[in-house]
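Beneath this line is the structure, given in structure tokens, with notes to follow.
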Amino acid sequence: EAGVAQSPRYKIIEKRQSVAFWCNPISGHATLYWYQQILGQGPKLLIQFQNNGVVDDSQLPKDRFSAERLKGVDSTLKIQPAKLEDSAVYLCASSLDAAGEQYFGPGTRLTVT
Amino acid sequence: GENVEQHPSTLSVQEGDSAVIKCTYSDSASNYFPWYKQELGKGPQLIIDIRSNVGEKKDQRIAVTLNKTAKHFSLHITETQPEDSAVYFCAASVNDYKLSFGAGTTVTVRA
């Protein structure tokens, strides 16, 4: 069974630029998560989707971050404009349902200069 | 919201020895406590979890204990091997919803 796929794996941008990350969850998984993992810290949930609806986005900085999950499958996370403090690994995870085990992708390492 | 603290931040053990990582949580309603292992360049992977109706759970060389009264839980790895070297995260949640992670423990197993 294929795991959670993410691209790109690495991205370097200058502050005030925009960037987008893509996630393809495990087939059949209804729940999709985006986490931000700053160096030396644990993952922090940014947004949770159930199918194509948002369940929780309370920790998403909505003035600059946006996310969507088209047709309840793939998802994109966008940052516009980026700030230095957005440098982190962005992890996507999926689970069969909201109470199921979360499977993480390899992450996208973002560096904002 | 939930606050999870994890100690130590780094742990170096001799191959064959045991490793213990401890976490405390703040929300007494939390009832699900998973542990994740993260290897370099990879996402976290669930290695064991425990629910609040159980005090201890074991899976081969890995065990987790939970003390609900004190609001702390621990990961125990016995007979450590070089492949156990990784970053380990504890987490807590209420009814499997919205995991709150600790800051992580970097475990190094010396050959």
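- When heavy atoms are compared at a cutoff of 4.5 Å, A:Val89 does not approach chain B at all.
- For A:Gln102, the parts lying under 4.5 angstrom from a heavy atom of chain B are both the backbone and the side chain.
- Cluster membership for A:Leu91 and A:Leu46, using ILVMFWY side-chain heavy atoms within less than 4.5 angstrom, is not shared.
- The choice from A:Cys92, A:Gly105, A:Pro43 that makes the most heavy-atom pairs within less than 4.5 Å of chain B is A:Pro43.
- Under a hydrophobic clustering in which Ile, Leu, Val, Met, Phe, Trp and Tyr are joined whenever their side-chain heavy atoms come within less than 4.5 Å, directly or via other members, B:Phe101 and B:Val87 fall into the same cluster.
- In this structure, B:Leu99 and A:Tyr35 have side chains that are in contact, with non-hydrogen atoms separated by less than 4.5 Å.
- Placement of B:Ile21 and B:Val13 within a single hydrophobic cluster is found when ILVMFWY residues are connected by side-chain heavy-atom separations under 4.5 Å, directly or transitively.
- With a 4.5 angstrom heavy-atom cutoff, A:Ser58 touches chain B only via side-chain atoms.
- The number of heavy atoms from other shown groups lying within 6.0 Å of CD (B:Gln60) does not exceed 12.
- Chosen from A:Lys44, A:Gln37, A:Arg109, A:Gln6, the residue pairing most often with chain B at heavy-atom distances under 4.5 Å is A:Gln37.
- Taking the side-chain hydrogen bond (donor to acceptor under 3.5 Å, both in side chains) definition, one finds that B:Thr105 meets it with B:Gln6, sequence neighbours left out.
- Atom CG of A:Leu84 has more than 12 heavy atoms from other residues, nucleotides or ligands within 6.0 Å.
- No continuous path of ILVMFWY side-chain contacts below 4.5 Å connects A:Leu45 to A:Leu60, so the two sit in separate hydrophobic clusters.
- Shown here is A:Leu96, whose CG atom has more than 12 heavy atoms of other residues, nucleotides or ligands within 6.0 Å.
- Remark: A:Lys62 NZ is packed, more than 12 non-hydrogen atoms of other residues, nucleotides or ligands lying under 6.0 Å away.
- For a heavy-atom cut-off of 4.5 Å, chain A lies close to B:Tyr36, B:Gln38 in residues 27-39 of chain B.
- Interface with chain A: from residues 42-58 of chain B, residues B:Lys42, B:Gly43, B:Pro44, B:Leu46 qualify, criterion being any non-hydrogen pair under 4.5 Å.
- Remark: B:Glu79 CD is loosely packed, at most 12 non-hydrogen atoms of other residues, nucleotides or ligands lying under 6.0 Å away.
- Taking hydrophobic clusters as Ile, Leu, Val, Met, Phe, Trp and Tyr residues chained together by side-chain heavy-atom distances below 4.5 Å, A:Ile47 does not share a cluster with A:Val55.
- Contact annotation for A:Ala99: both backbone and side-chain heavy atoms come within less than 4.5 Å of a heavy atom of chain B.
- By the salt bridge (Lys or Arg N to Asp or Glu O under 4.0 Å) test, B:Lys98 is found to be paired with A:Asp56, residues two or more places apart in sequence or in another chain being considered.
- Between B:Phe89 and A:Gln41, the shortest heavy-atom distance links the atoms CE2-O, 3.7 Å.
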